[in-house]
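Take a look at the structure below.
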Amino acid sequence: MPELPEVEVLVRHLGPLLHGKRIRAVAVLRPKLVRPATPDEFARAITGRRFASLGRRGKYLVFTLHARRGGPALAMLGHLGMTGRMQVQPARASLPRHAGVVFDLGRFRLVYSDTRYFGRCTLDTRPLAELGPEPLGPEFTIADFARRLARSHQAIKVRLLDQSLVAGVGNIYASEALFRARVSPRLAACRLDARRVGSLWRSIRAVLAEAIAWGSTVPLNWDGAGRGDGVFYYGLAPGTRDYYEERLLVYDRAGQPCPRCRAPIQRIVQAARSTFFCPRCQRGRQ
DNA sequence: CACCATGTTCCTTG
DNA sequence: CCAAGGAACATGGT
């Protein structure tokens, strides 16, 4: 499900639902998801605690759990991998097919499900230390972005997927940001001039901010039933098809006309991932 | 059967 | 030590 905007919208949705709720029990149906802790250690550490707050860092959900009898508060990380979902549902509803971790909240429960089980739900917060700046925060500056890019000979599209450069940009929004900035995905990072760096910096922020705004207003089903259950890459929430047609400009649009110049959008493979771009609007190293 | 998929991590090679 | 590339992880859709 997730790149930064999808996680952000999910966090805004879940936060109020979880606030103050006590975790009565935890069922780990997929032990792999809570590594490196064992399911037992995981459950023991959080059972009985209440949710204090929910935040986001890059593509990670950061749950803060209240302290237990004078002890320290505890942070729990959620990462949705490619296909992870999180939802709050009535305790008597049927569990989603690939439920991995279930938090019993009394009348409700928080369910983490994931068809491919690439995600994580863990007390190990070390991954946060590896992340680069939040692209929408004040610590993401053009100067620092430029310095980091200047050190790399890797293609700029591949660089953008490195979470230590900027946190939260994934395969979809990397293509979208480069298209918006009119920068070729194949251009070596160190060869972007100052103008392009500035343009890309602004485009990353704009693309992410617009996606958050869109996902916040569009009707989404959070029960995990429909196709629009918090996923808005493909804009499949009911009644939003028209709007969706204009949302992602190049991603998954190989062969379709570029919305700016009508040249066919091209798909290439970089670092084993698809990249979509307009070979005419995004020049340099074709 | 083939190929593709929103992400991260680990291993190998240079 | 670092950079870069590729496979692996597991399941489903087309």
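Only a predicted model underlies this, so the values are computations on that prediction, with no experimental measurement involved.
Out of B:dT9, C:dA4, C:dG12, the shortest distance to the side chain of A:Q154 is found at C:dA4.
For C:dG12, the OP1/OP2 oxygens have a side-chain nitrogen or oxygen of A:R97 closer than 4.0 Å. Of the side-chain N and O atoms in A:H79, one or more sit less than 4.0 angstrom from OP1 or OP2 of B:dT8. For the pair A:K59 and B:dG7, the criterion of a side-chain N or O lying under 4.0 Å from OP1 or OP2 is met. Contact annotation: A:S152 side-chain N/O to C:dA4 OP1/OP2 distance is under 4.0 Å. An OP1 or OP2 oxygen of C:dA10 is reached within less than 4.0 angstrom by no side-chain nitrogen or oxygen of A:H98. Applying the 4.0 Å criterion to OP1 and OP2 of B:dA5, one finds that A:S274 has a side-chain N or O inside that range.
Whole-Å rounding puts the A:L77 CG to B:dT9 P distance at 11 Å. A:L33 has its CG atom 17 Å from the P atom of B:dG7, to the nearest Å. Atoms OH (A:Y117) and C1' (C:dA8) sit 18 Å apart, rounded to a whole Å. Rounded to whole Å, atom P of C:dA3 lies 8 Å from atom CZ of A:R159. As a whole-Å value, the separation of A:M82 CE from C:dG13 P is 14 Å. Atom CZ in A:R30 sits roughly 14 Å away from atom P in C:dC9 (whole-Å rounding). With rounding to whole Å, A:D114 atom CG is found 12 Å from C:dA10 atom P. The nearest whole Å value for the distance from the CG atom in A:D162 to the C1' atom in B:dT9 is 13 Å.
Between A:R120 and A:R116, the residue whose closest nucleotide on DNA chain B is further toward the 5' end is A:R116. The residue among A:A271 and A:R151 whose nearest nucleotide of DNA chain C lies closer to the 5′ end is A:R151.
Residue-level contact check: A:R35 touches neither bases nor backbone, having no heavy atom under 4.0 Å from any strand.
Smallest separation of non-hydrogen atoms from A:N171 and A:L161: N-CD2, 3.6 Å.
Salt-bridge formation is detected for the pair A:R57/A:E134: a Lys NZ or Arg NE/NH1/NH2 atom is positioned less than 4.0 Å from an Asp or Glu carboxylate oxygen. The pair A:E176-A:R180 does not count as a salt bridge, with every side-chain nitrogen at least 4.0 angstrom from each carboxylate oxygen.
Remark: A:R30 is not positioned above the aromatic ring of A:Y112, lacking an NZ or CZ atom under 6.0 angstrom from the ring centre and at most 45 degrees off the axis.
Formation of a donor-acceptor pair under 3.5 Å by the A:R182 side chain with backbone atoms of A:F179 is not found in this model.
Remark: B:dT9 base-pairs with C:dA7. Criterion, Watson-Crick or G-U wobble with two distances under 3.5 Å.
Remark: the separation of the P atoms in C:dA10 and B:dC11 is 15 Å, to the nearest Å. Atom name P, nucleotides B:dC3 and C:dA7: the rounded distance is 13 Å, in whole Å.
For the pair A:F103/A:K21, no side-chain contact is recorded, criterion being any heavy-atom separation below 4.5 Å from C-beta on.
Judged by distance alone with a 3.5 Å cut-off, no donor-acceptor contact links the side chain of A:R273 to the base of B:dA5.
Residue ring and nucleobase are stacked for A:F118 and B:dG7, with a centre distance beneath 5.5 angstrom and an angle between planes beneath 30°.
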